[in-house]
Amino acid sequence: MPHHALGITLTRPLPPPLLHRAARLLPLAANHGATRLMSLVAAKTPQHAAQRLRHRLDARLPIGVITTHYPDADHRVLLNAAFPPAVHATLTADAHHAQQTPERFLVLALPRALAEYAERETDRLDHAVRPLLAHTTPAYLLAAVGHALAQLPERPTP
């Protein structure tokens with residue numbers, strides 16, 4: 001049976017004793033802040049691997065999202081998210097209104113929402129940078145941004 005590499009994003013940092021307890025059930029590797037974990041799970045498909053991982057660890061860890069670490073042949077990553085009951089009810093109602101399954105509704109809605117977010121973020125940054133460019137050259141601004149990024153304290157990736 002193949003093994004699937006899965007990434008786990010937690011909803012909050014995990015104290016070391018909880019991580020060690022969970023690692024007794026399934027091999028886990030944590031990032032510096034213990035907000036992201038990796039695991040290898042044996043299963044026939046990535047979907048079954050994510051379901052197996054959630055079933056084994058959901059009661060012990062604050063799991064937000066489980067993803068496949070490597071994209072499939074279509075360059076897609078599996079996203080396994082458990083929604084609170086109110087969110088699940090809204091999603092189901094919206095999917096029913098669109099005459100789709102909740103899974104299909106998300107498959108279509110998520111890329112659209114991410115593209116809209118990227119466009120809003122690009123516009124926001126463009127509006128923030130334009131006044132700065134009125135008083136300096138692009139080269140100086142780029143150097144200043146590089147310097148500011150180099151001065152950021154080292155923090156774990158959320």
- Message: Which heavy atom of L61 sits nearest to which heavy atom of A22, and what is that distance?
- Response: CD2-CB, 3.7 Å

- Message: For R76, is there any backbone N or O sitting under 3.5 Å from a side-chain donor or acceptor partner on D74?
- Response: no

- From T35 OG1 over to L14 CG, what is the distance, rounded to the nearest 0.5 angstrom? 9.5 Å

- Query: Side-chain heavy atoms under 4.5 angstrom apart, residues restricted to Ile, Leu, Val, Met, Phe, Trp, Tyr: same cluster for L6 and M1?
  - Reply: no

- Task: Could you tell me whether the side chain of Q47 reaches within less than 4.5 Å of the side chain of L78, counting heavy atoms only?
- Result: yes

- Task: Could you grab the distance from atom OH of Y117 to atom CZ of R124, nearest 0.5 Å is fine?
- Result: 7.0 Å

- Message: On a heavy-atom basis, which atom in F83 and which in H88 lie closest, and how many Å separate them?
- Response: CB-N, 4.0 Å

- Please answer: with hydrophobic residues joined when any side-chain heavy atoms are less than 4.5 Å apart, are I63 and L18 in the same cluster? yes

- Item | Backbone N/O of N80 and side chain of R54: donor-acceptor pair under 3.5 Å | yes

- Query: What closest approach, in Å, do A5 and M38 show between heavy atoms, and which atom pair accounts for it?
  - Reply: CB-CE, 4.4 Å

- What one should report as the nearest heavy-atom pair of T68 and V77 is O-CG1, 3.1 Å

- Task: Return yes when atom CD of E119 has more than 12 non-hydrogen atoms of other residues, nucleotides or ligands closer than 6.0 Å, and no otherwise.
- Result: no

- Is the count of non-hydrogen atoms from other residues, nucleotides or ligands lying under 6.0 Å from Q151 atom CD greater than 12? yes

- Please answer whether the main-chain N or O of A42 pairs with a side-chain N or O of R52 as donor and acceptor at a distance below 3.5 Å. yes

- Query: Can you find a heavy atom in the side chain of D72 that is under 4.5 Å from one in the side chain of P46?
  - Reply: no

- What are the two closest non-hydrogen atoms of P13 and P15, and how far apart are they? O-CD, 3.7 Å

- Item | Transitive ILVMFWY side-chain link V65 to L110, under 4.5 Å | yes

- Query: What's the spacing between H48 NE2 and L53 CG if we round to 0.5 Å?
  - Reply: 14.0 Å

- Query: Any sub-3.5 Å donor-acceptor pair from N31's side-chain atoms to R36's backbone N or O?
  - Reply: yes

- Message: Under 4.5 Å between side-chain heavy atoms, counting indirect links through other Ile/Leu/Val/Met/Phe/Trp/Tyr residues: same cluster for Y140 and L125 or not?
- Response: no

- Message: Are L19 and L25 linked, directly or through intermediate hydrophobic residues, by side-chain heavy-atom contacts shorter than 4.5 Å (ILVMFWY only)?
- Response: yes

- Supply the atom-to-atom distance H69 NE2 to I8 CD1, rounded to the nearest 0.5 angstrom. 12.5 Å

- Out of curiosity, R21 CZ to R24 CZ, how far, rounded to the nearest 0.5 Å? 7.0 Å

- Which pair of non-hydrogen atoms, one from L106 and one from P111, has the smallest distance, and what is that distance? O-CD, 4.1 Å

- Message: L57 and side chain to side chain contact (heavy atoms under 4.5 Å, CB included): which single residue from L37, L28, I66 fits?
- Response: L28

